[in-house]
Protein chains: 2
Amino acid sequence: MSLRIAALGLLAQRPGSGYDLLKQFEKSMANVWPATQSQLYSELNKLADNGLIEVSAVGARGRKEYRITDAGHAELQRWVTNPQDDPPFRSAALLRIFLLNLIPTGQARVHLATMAEYSDAEVARLSELRGSADWNDSGEIPDHDFFALAALDYGQRLNAMRADWARDVIAKLESRH
Amino acid sequence: MSLRIAALGLLAQRPGSGYDLLKQFEKSMANVWPATQSQLYSELNKLADNGLIEVSAVGARGRKEYRITDAGHAELQRWVTNPQDDPPFRSAALLRIFLLNLIPTGQARVHLATMAEYSDAEVARLSELRGSADWNDSGEIPDHDFFALAALDYGQRLNAMRADWARDVIAKLESRH
DNA sequence: CAGGCCATGTAAGACGTTACATGATTTT
DNA sequence: AAAATCATGTAACGTCTTACATGGCCTG
């Protein structure tokens, strides 16, 4: 359900082809909702079949430029304001923590340290992303970039939290000796 | 892949039937990796077919008690020490933030406030969970409960972070006027 | 003996990944 | 002319959800 929304959301910002969207998925959207090429193209066909988007232009190499329809806008509104039917929260990382007693304590400590370093690197990566893109965040009314930056901030806080947490667990682990 | 691991992990703590595991999924595991009854039973059959678990006893009402095998232990070890092939991170909540410019600012603020309150409630729920269960966390060597508590702590920090973040975004939203 | 809990299973369909397949256009 | 990029599609397979289906055992 959510890939449909992610694609629709990108088309709501501006029209584009499957290929265009694919680039945006690889660039920014992957941080929020990754998708593969295969999935994206078939989703676009489904969206068009359901009348949520329509082909606005046909270009070279069979390029189909899509545009969101009124029905598509309505569907987006519905989804954005209805968090209750989101897919359930799943975290392989948390599951791994849950099972960390199955390996020797030393290895568990190494894993936690690796996790902390990875999170540090993610914070750095997101800082670069924040610096690199040319954000258009000046208007009176909050626009797409305002919320994209908010999402970016969320990612940074999440990873900072993870790094702190992992180091605290290591500390507790070591205070057992 | 990860449900297989979650089930295997529970059986590594102690043997049990599909029904037993289902109760554990509803109780604690759902916070980490939710699964449905249907999925669990078929996964157990697959695990047994692959020799990662085996039926250790058959009881009344066709009850099959499963026990992890050596191959199962090996598979668990392999998975726990290999985070690189985890499924990619997906968050409907973040996607929604990304698209929040599509609704009026007032509604967006309401959504963020609801999010903050939900996260507060989650922190409270997890505090209760921490208080309610009889944790066995006294041994020299960190056991399952040590890491289960660490996972619980992670959940609390995550939700505290989310609540703070949502309130900060609201503040930035309001400083626009 | 009725109702609740124990206990397991199947089937259909949506969602996601990997791999395969094809061809047009632009750049070097 | 070759290589890179643009551009879309299909097929197979695994995961997850929802709904349906069945029946045994225990308690009141």
Side-chain angles (χ1 to χ4, degrees), chain A residues 1-8 10-11 15-27 29-30 32-50 52-53 55-66 75 79 84-92 95, chain B residues 1-8 10-11 15-27 29-30 32-50 52-53 55-66 75 79 84-92 95:
Chain A
M1 186 96 290
S2 302
L3 169 63
R4 159 198 249 84
I5 300 298
L8 213 45
L10 289 179
L11 290 177
S17 68
Y19 194 82
D20 292 339
L21 294 189
L22 190 59
K23 295 298 148 189
Q24 294 182 64
F25 265 91
E26 284 166 1
K27 197 178 121 275
M29 189 61 93
V32 155
W33 200 274
T36 59
Q37 174 265 343
S38 175
Q39 209 189 344
L40 190 51
Y41 279 108
S42 49
E43 193 62 54
L44 286 171
N45 282 323
K46 272 189 235 165
L47 281 164
D49 286 349
N50 298 343
L52 303 182
I53 61 177
V55 176
S56 56
V58 176
R61 283 169 283 197
R63 179 180 203 271
K64 289 183 286 186
E65 187 171 81
Y66 292 103
E75 168 67 4
W79 186 86
Q84 59 269 29
D85 43 60
D86 283 357
F89 173 80
R90 282 194 174 83
S91 167
L95 175 58
Chain B
M1 187 97 291
S2 302
L3 170 64
R4 161 199 248 81
I5 299 298
L8 213 45
L10 289 179
L11 289 177
S17 67
Y19 195 81
D20 292 339
L21 294 189
L22 189 60
K23 295 298 145 189
Q24 294 182 63
F25 265 91
E26 285 167 1
K27 198 178 120 275
M29 190 60 91
V32 156
W33 200 273
T36 60
Q37 175 265 345
S38 175
Q39 210 189 344
L40 190 51
Y41 279 108
S42 49
E43 193 62 53
L44 286 171
N45 282 324
K46 273 189 234 165
L47 282 164
D49 287 349
N50 298 343
L52 303 182
I53 61 176
V55 176
S56 56
V58 176
R61 284 169 282 195
R63 179 182 203 271
K64 289 184 285 186
E65 188 172 79
Y66 291 102
E75 167 68 3
W79 187 86
Q84 59 269 31
D85 42 62
D86 282 358
F89 173 80
R90 281 195 175 82
S91 166
L95 175 57

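Residue numbers start from 1 in every chain, and the chains themselves are labelled A, B, ... in the order their sequence lines are given, proteins ahead of strands. Worth saying up front: this structure is predicted, and the values here are computed from it rather than measured.
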Between [N] atom [atom2] and [X] atom [atom1], what is the distance in whole Å?
{"X": "B:L22", "N": "C:dT8", "atom1": "CG", "atom2": "P", "result": "9 Å"}
{"X": "A:Q39", "N": "C:dC15", "atom1": "CD", "atom2": "P", "result": "9 Å"}
{"X": "B:Y19", "N": "C:dT8", "atom1": "OH", "atom2": "C1'", "result": "11 Å"}
{"X": "B:E26", "N": "C:dC5", "atom1": "CD", "atom2": "C1'", "result": "12 Å"}
{"X": "B:L47", "N": "C:dT8", "atom1": "CG", "atom2": "C1'", "result": "16 Å"}
{"X": "B:L95", "N": "C:dC15", "atom1": "CG", "atom2": "C1'", "result": "15 Å"}
{"X": "B:F25", "N": "C:dA7", "atom1": "CZ", "atom2": "C1'", "result": "17 Å"}
{"X": "B:E65", "N": "C:dA7", "atom1": "CD", "atom2": "P", "result": "10 Å"}

| message | For A:E43 and A:R61, find the nucleotide of DNA chain C closest to each by heavy atoms; which residue's nucleotide sits nearer the 5' end? | response |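 Of the two residues, A:E43 wins.
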
| task | Could you check A:L3 against B:K23 and say which one's nearest nucleotide on DNA chain C is further toward the 5' end? | result | B:K23

| task | Would you please test B:W79 and B:D86 for side-chain contact (heavy atoms from CB on, under 4.5 Å) and show each step? | result | CA-CA 9 Å; B:W79 187 86; B:D86 282 358; 4.1 Å; yes

| request: Could you list where the contact with chain A starts and ends along DNA chain D, reading 5' to 3', using a 4.0 Å heavy-atom cut-off? | output: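 The contacted stretch runs from D:dT5 to D:dT17.
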
| message | So for B:Q37 and C:dT8, does any side-chain atom that can act as donor or acceptor lie under 3.5 Å from a complementary atom in the base? | response | yes

| task | Measure distances between side-chain N and O atoms of A:T36 and base N and O atoms of C:dT18, and say whether any donor-acceptor pair falls under 3.5 Å. | result |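 Check fails, no donor-acceptor contact within cut-off.
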
Kindly compute the distance separating [atom1] ([X]) from [atom2] ([Y]), expressed to the nearest 0.5 Å.
{"X": "A:I53", "Y": "A:L44", "atom1": "CD1", "atom2": "CG", "result": "4.5 Å"}
{"X": "B:E75", "Y": "B:L8", "atom1": "CD", "atom2": "CG", "result": "7.0 Å"}
{"X": "A:N45", "Y": "A:L40", "atom1": "CG", "atom2": "CG", "result": "10.0 Å"}
{"X": "A:Y41", "Y": "A:L21", "atom1": "OH", "atom2": "CG", "result": "8.5 Å"}
{"X": "B:K64", "Y": "B:S17", "atom1": "NZ", "atom2": "OG", "result": "10.5 Å"}

How is [X] classified with respect to the nucleic acid when contacts are heavy atoms under 4.0 Å: base, sugar-phosphate, or nothing?
{"X": "B:S42", "answer": "nothing"}
{"X": "A:S2", "answer": "nothing"}
{"X": "A:P88", "answer": "sugar-phosphate"}

| task | Please step through side-chain contact (heavy atoms from CB on, under 4.5 Å) for the pair A:K27 and A:Q24, ending with a clear verdict. | result | CA-CA 5 Å; A:K27 197 178 121 275; A:Q24 294 182 64; 5.6 Å; no

| query | Does B:R63 place a side-chain N or O at less than 4.0 Å from the phosphate oxygens OP1/OP2 of C:dA7? | reply |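 Yes, such a contact exists.
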
